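Worksheet: the structure to be examined is printed underneath.
Everything numeric here is computed off the predicted structure, so don't read it as measured data. Each residue takes its place number in the sequence, starting with 1. For the numbers below, each heavy atom of this structure counts, side chains included, while hydrogens, waters and symmetry mates do not.
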Amino acid sequence: MEEWKECRLVAGNKGVDREILYIDAMEVPDIIPWIKKNELMITTGYAMNRDEGVLLDIIKAMAKAGSSGIALKTKFFGEITQKIKDLANELQVPVIEVPRDMAFINLANPLMKKVVNAQNQKLEFNKAMNEKFLEIQIEGGGFQEICAVLGEMLGCVILVADHRQMLLGCYPEGEGAERWLAKNAYEDTTIQKQLKEYVEKSKDEIVAASAGEWEIRAMGIYVKNKCNGFLYAVGLKGKFDEMSEIALRQAGVYLALEFSKKGLVEQTEYYQDNNFFFDLISGNIQTEEDAVKRARGLKWPSFSYILVVGDIDEFEKVIRNKTEAEVNIFKDEIMQIHKDVLRRHRQCFFVGNKSDSFHCLFTKDIEKSEILKCMKEIQRQIYKNYGAWITIGVSTEILSYHDFIMAYKKARTAITIGKKRGKREICFIEDLRLEEAFFEMAKMDIFREFVDETLLELKMHDEKYGTPFLETLKTLAEHHGARKETAETLFLHRNTLAYRIRRIEQLTGADLNDPDVLFQVNLAMKILAYMEA
């Protein structure tokens, strides 16, 4: 600056890029508590009383606070010693020597004017950006429009992605942005791994990085302390300056608003769909006509449907020692896995949940093999990420809204059978008709009485004395009375098995050589399994 041309930089030349936002004068003995960031201190040095140690302490404090530097008249302080210069050089704090006869006002006024002008430029730029982004909001624009405005303003590549790094918008569309994009296993367009790394540890601060000839700016977009997505800007070196950061921050504000709007719309749609689903399975809708009207409003496809229900196994054990907030996050993440896997399949039009139960509706044109593929992928991801297992049941075909109650019942029956079988498979109720029959028998008094008459005395004996007779009888009946196979299955000596069979016959009065008796025992065992389910 012309007004400062007679001043001389005597130390701290590596700190000349420090920004000046404030100017202050120091003429009190203890100024250190008042030193602040981005402040240039101008002083006569009178209060230092020619004490080299005082100035050394001030320089240390300035370095710690991030101050801009110090401009010092030597009339009262005396010579700026080599020790002072060495410290200022080490800490990169500029020390400027001011001519003895120069008035401070002649230095401060033009500098303050320059600072104010710079701030005004930022404010004007900020206002212009705000107006452009506000116009997008008013006209109903979204992620793509924000990318276009920001990209045109900065002259660089702009990418916006959701929290999974799936692309939501880019500028320019096409070749200019493609080098920074990738495809995942499902052919979704995602952000290239090279860019993702820059935001993994950041929050809503702008991360600056370089990649060869390119400069990168990246930031997370947060709504209520939750990361909803990411903003990336890529340009040639030297492209970004302070104004660029202002534009990026403004864009970040409007992207957060866009994510908030998107989340609100999705949440509203989810609650409407979920409430309708639970009204259907609870029988809260009086007529088929009422259901048809609500379904049309929600844009549900025409019949027929397939219902898939999943339950987290041992849910209480899985959430043990978790807070309520952690449990809700856990369920949200399980829900997100369902959405991520199923959103690629146009046949799935609804995904909802209640507590540890998750529900999916498919149109009937989906192949059974495709349901298996989707649900196995969901099981795999949940187990991989959380060590939890989800048992899945699939209903029969749904031909009307009135059928939802029965379809839900069938899917839950399939889950119960699946858990009882313990095979961790996708359970289609249509493949489990015999097991379903046992399940229904277990609810009927006549069959419960039959089980008690056949097995109760033996069961009570095992519980009282800790004997293994019930398991032995079950295995014998499954092998149709074959002693050798039964002994091998139970890892017993034949004499031990013979002793157990004699004791069982004594306790029950049954002849275990009679095939009819073994059939009755086997049937009772099958029903008992579901009485205890």
Side-chain angles (χ1 to χ4, degrees), residues 17-19 21 37-38 66 118-119 121-137 141-182 189-223 225-260 262:
D17 59 348
R18 290 176 180 243
E19 185 179 26
L21 296 180
K37 186 178 180 180
N38 298 128
Q119 292 300 316
Q121 284 183 334
K122 292 178 187 177
L123 289 171
E124 288 298 322
F125 183 76
N126 195 47
K127 181 182 176 183
M129 291 299 300
N130 184 58
E131 288 175 350
K132 286 181 179 293
F133 289 130
L134 185 59
E135 185 178 348
I136 290 173
Q137 292 295 318
F143 296 110
Q144 185 58 44
E145 288 73 17
I146 292 173
C147 287
V149 166
L150 186 61
E152 288 172 2
M153 178 71 69
L154 302 184
C156 65
V157 172
I158 300 294
L159 306 169
V160 173
D162 66 14
H163 69 284
R164 298 159 299 174
Q165 300 286 2
M166 301 291 183
L167 186 69
L168 296 175
C170 68
Y171 175 87
E173 295 183 73
E175 187 176 346
E178 280 182 356
R179 66 178 299 159
W180 305 103
L181 300 173
T189 303
T190 66
I191 302 300
Q192 204 179 79
K193 183 179 179 182
Q194 181 182 7
L195 293 182
K196 293 179 190 177
E197 296 172 351
Y198 299 122
V199 290
E200 285 180 352
K201 296 182 181 179
S202 73
K203 195 176 179 184
D204 55 354
E205 292 300 315
I206 296 175
V207 178
S210 297
E213 62 180 331
W214 301 97
E215 279 192 47
I216 298 161
R217 298 293 182 269
M219 65 185 294
I221 309 299
Y222 282 73
V223 178
N225 294 320
K226 179 182 178 182
C227 183
N228 281 245
F230 304 95
L231 169 63
Y232 301 92
V234 185
L236 293 171
K237 284 196 172 178
K239 172 60 70 175
F240 299 109
D241 56 18
E242 190 176 2
M243 294 301 189
S244 303
E245 295 216 351
I246 291 173
L248 289 169
R249 292 191 187 283
Q250 275 283 13
V253 171
Y254 282 91
L255 285 171
L257 179 60
E258 196 62 31
F259 275 113
S260 183
K262 179 174 180 284

Q: Assess whether side chain to side chain contact (heavy atoms under 4.5 Å, CB included) is satisfied between N228 and D162, documenting all intermediate values.
A: CA-CA 6 Å; N228 281 245; D162 66 14; over 6 Å; no
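- For the atom pair F133 CZ and E258 CD, the distance stands at 11.5 Å (nearest 0.5 Å).
- A side-chain donor-acceptor contact under 3.5 Å links Q144 to the backbone of C170.
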Q) side chain to side chain contact (heavy atoms under 4.5 Å, CB included) between K239 and L154: does it pass, once the steps are laid out? A) CA-CA 8 Å; K239 172 60 70 175; L154 302 184; 5.5 Å; no
Q) Going through the checks in order, is the side chain to side chain contact (heavy atoms under 4.5 Å, CB included) test met by L231 and I146? A) CA-CA 11 Å; L231 169 63; I146 292 173; over 6 Å; no
Q: Take Q165 and F230 through the side chain to side chain contact (heavy atoms under 4.5 Å, CB included) test and state the conclusion after the steps.
A: CA-CA 7 Å; Q165 300 286 2; F230 304 95; 3.4 Å; yes
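- Contact of the I191 side chain with the L181 side chain is registered, since non-hydrogen atoms from C-beta on lie closer than 4.5 Å.
- Note: L167 CG to T189 OG1 = 6.0 Å, rounded to the nearest 0.5 Å.
- Going from atom CD1 of I221 over to atom OG of S260 covers 13.0 Å, rounded to the nearest 0.5 Å.
- Proximity of L150 to Y171: side-chain heavy atoms (C-beta onward) are nowhere separated by under 4.5 Å.
- Here CG of L248 is found 11.5 Å from CE of M153. Values are rounded to the nearest 0.5 Å.
- Between R217 and E245 the shortest side-chain heavy-atom distance falls below 4.5 Å.
- Ring geometry for F259 versus F143: interplanar angle of 30 to 60°, hence tilted.
- Listed for the E145 side chain is a donor-acceptor partner under 3.5 Å among the backbone atoms of G142.
- For the atom pair L257 CG and L134 CG, the distance stands at 9.5 Å (nearest 0.5 Å).
- Within the 3.5 Å criterion, the main-chain N or O of R179 finds a donor-acceptor partner in the side chain of Q192.
- For K262, the side-chain hydrogen bond (donor to acceptor under 3.5 Å, both in side chains) criterion is met by E266, not counting sequence neighbours.
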